[in-house]
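A short write-up of the structure that comes next.
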Amino acid sequence: MLDAFSRAVVAADSKTAPIGGAELNELKGFIASGNRRLDAVNAIASNASCMVSDAIAGMICENTGLIQAGGNCYPNRRMAACLRDGEIVLRYVTYALLAGDASVLEDRCLNGLKETYAALGVPTTSTARAVGIMKAQAVAHIKDQPSEALAGSKLKIMGSPVVDDRCASIVAEASSYFDRVVAAVS
Ligand SMILES: CCC1=C(C)/C(=C/C2=NC(=C\c3[nH]c(/C=C4\NC(=O)[C@H](C)[C@H]4CC)c(C)c3CCC(=O)O)/C(CCC(=O)O)=C2C)NC1=O
């Protein structure tokens, strides 16, 4: 498992090169955005269980066959497995976001998942839909702009200080981890 620092070391070592100015500048940026990153991780982790249940419920609302006989969220054992998988995915996305590197997500969560899902008949399009909803939720929570219309009484504002560009780079980075999940199972 890598993070932004160990990745720089591994990259330099593979070229037998010292850590250069460009790498140090990149790490400087990583450190400078550290508080934003922690706010982003906190925004997702603090809302995780609500995000997962909402995403899976949304996925099922759009495709109720999933909870009928023959559907992959039926019976309750499979429903529970699906909710659990949603939590696993979100947890590993927050780890990757914290580390600033996707390897923890790739190695410990996504490696072999496509084959597992294929063997168990877990539908790819539905998985992609649930992950896509979690991606939209994560973006809203990182910006601390959850939609009142969608959240209703569960609306939760973190009140973290919003920095410069409304955290555009962190939002893009978090989004990329969700995209990796979809790519890995598709
Ligand atoms: C830490 C890394 C890790 C991952 C990623 C993981 C995933 C994972 N999901 C599984 C099953 C499953 N995953 C789902 C998920 C879904 N079904 C749907 O219709 C939806 C589209 C979707 C939820 C969004 C279901 C229903 C099963 C059980 C399938 C079965 O047993 O028939 C299984 C098979 C074993 C089990 O049931 O526990 C694994 C290994 N386990 C791990 O340890």
Side-chain angles (χ1 to χ4, degrees), residues 1-7 10 37-38 40-143 146-147 149-152 154-156 170-186:
M1 180 204 143
L2 297 176
D3 55 50
F5 294 94
S6 49
R7 190 178 57 224
V10 169
R37 187 173 292 276
L38 294 181
V41 169
N42 187 30
I44 298 176
S46 303
N47 290 291
S49 102
C50 185
M51 289 168 68
V52 171
S53 51
D54 178 73
I56 306 298
M59 172 195 78
I60 289 171
C61 276
E62 291 172 0
N63 179 7
T64 49
L66 284 167
I67 49 167
Q68 285 153 23
N72 202 265
C73 290
Y74 179 92
N76 286 334
R77 180 187 67 76
R78 288 203 186 87
M79 180 74 226
C82 180
L83 283 162
R84 180 209 58 197
D85 283 11
E87 292 215 31
I88 291 174
V89 163
L90 199 53
R91 187 160 59 82
Y92 278 95
V93 165
T94 56
Y95 294 163
L97 191 58
L98 187 66
D101 186 275
S103 61
V104 63
L105 171 69
E106 292 283 357
D107 300 348
R108 300 192 191 184
C109 178
L110 302 179
N111 183 14
L113 190 59
K114 182 180 180 162
E115 292 74 16
T116 304
Y117 276 5
L120 292 169
V122 175
T124 303
T125 41
S126 295
T127 305
R129 179 62 182 139
V131 173
I133 295 173
M134 291 199 291
K135 173 179 163 181
Q137 295 163 333
V139 167
H141 283 298
I142 292 171
K143 292 180 176 173
S147 140
L150 291 174
K154 290 188 176 154
L155 186 79
K156 184 161 152 192
I170 302 274
V171 166
E173 187 184 324
S175 297
S176 77
Y177 298 138
F178 289 97
D179 294 342
R180 271 173 186 266
V181 176
V182 173
V185 296
S186 298

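Every number for a ligand or one of its atoms is a count from 1 in the order of the listing.
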How many angstroms lie between [atom1] in [X] and [atom2] in [Y], if you round to the nearest 0.5 Å?
{"X": "Lys143", "Y": "Ile170", "atom1": "NZ", "atom2": "CD1", "result": "13.5 Å"}
{"X": "Gln68", "Y": "Leu66", "atom1": "CD", "atom2": "CG", "result": "9.0 Å"}
{"X": "Ile56", "Y": "Arg84", "atom1": "CD1", "atom2": "CZ", "result": "11.5 Å"}

Nearest protein heavy atom with distance in Å, relative to [atom]:
{"atom": "atom 32 (O) of ligand 1", "result": "Arg78 NE, 2.7 Å"}
{"atom": "atom 19 (O) of ligand 1", "result": "Asn72 CB, 3.2 Å"}
{"atom": "atom 10 (C) of ligand 1", "result": "Arg84 NH2, 3.2 Å"}
{"atom": "atom 40 (C) of ligand 1", "result": "Thr116 CG2, 3.9 Å"}

Which ligand 1 atoms does [X] reach within 4.0 Å, using its non-hydrogen atoms?
{"X": "Ile56", "result": "24 (C)"}
{"X": "Arg108", "result": "1 (C), 2 (C)"}
{"X": "Tyr117", "result": "9 (N), 13 (N)"}
{"X": "Pro123", "result": "19 (O), 21 (C)"}
{"X": "Ser126", "result": "21 (C)"}
{"X": "Met59", "result": "20 (C), 21 (C)"}
{"X": "Arg77", "result": "30 (C), 31 (O), 32 (O)"}
{"X": "Ala81", "result": "12 (C), 25 (C), 27 (C), 28 (C)"}

Is the shortest side-chain heavy-atom distance between [X] and [Y] below 4.5 Å?
{"X": "Tyr95", "Y": "Leu105", "value": "no"}
{"X": "Ser175", "Y": "Val139", "value": "yes"}
{"X": "Arg7", "Y": "Val10", "value": "no"}

Backbone N/O of [Y] and side chain of [X]: donor-acceptor pair under 3.5 Å:
{"X": "Ser53", "Y": "Cys50", "answer": "yes"}
{"X": "Asn42", "Y": "Leu38", "answer": "no"}
{"X": "Asp3", "Y": "Ser6", "answer": "yes"}
{"X": "Asn72", "Y": "Arg78", "answer": "no"}

message: My understanding is that we take every heavy atom of each candidate and find the minimum distance to atom 14 (C) of ligand 1. Doing that for Val89, Leu66, Asp85, Ile88, which one comes out nearest?
response: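 Shortest heavy-atom distance from atom 14 (C) of ligand 1: Asp85.
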
- prompt: If you measure from atom 23 (C) of ligand 1 to every heavy atom of Gly121, Cys82, Gly112, which option wins on shortest distance?
  reply: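 Going through Gly121, Cys82, Gly112 one by one, Cys82 has the nearest heavy atom to atom 23 (C) of ligand 1.
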
task: Scan the protein's non-hydrogen atoms and note whether one is under 4.0 Å from atom 35 (C) of ligand 1.
output: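 Under the 4.0 Å cut-off, atom 35 (C) of ligand 1 has no protein heavy-atom neighbours at all.
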
query: Does any N/O atom on Thr127 come nearer than 3.5 Å to any N/O atom on ligand 1?
result: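 By distance alone, the answer is no.
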
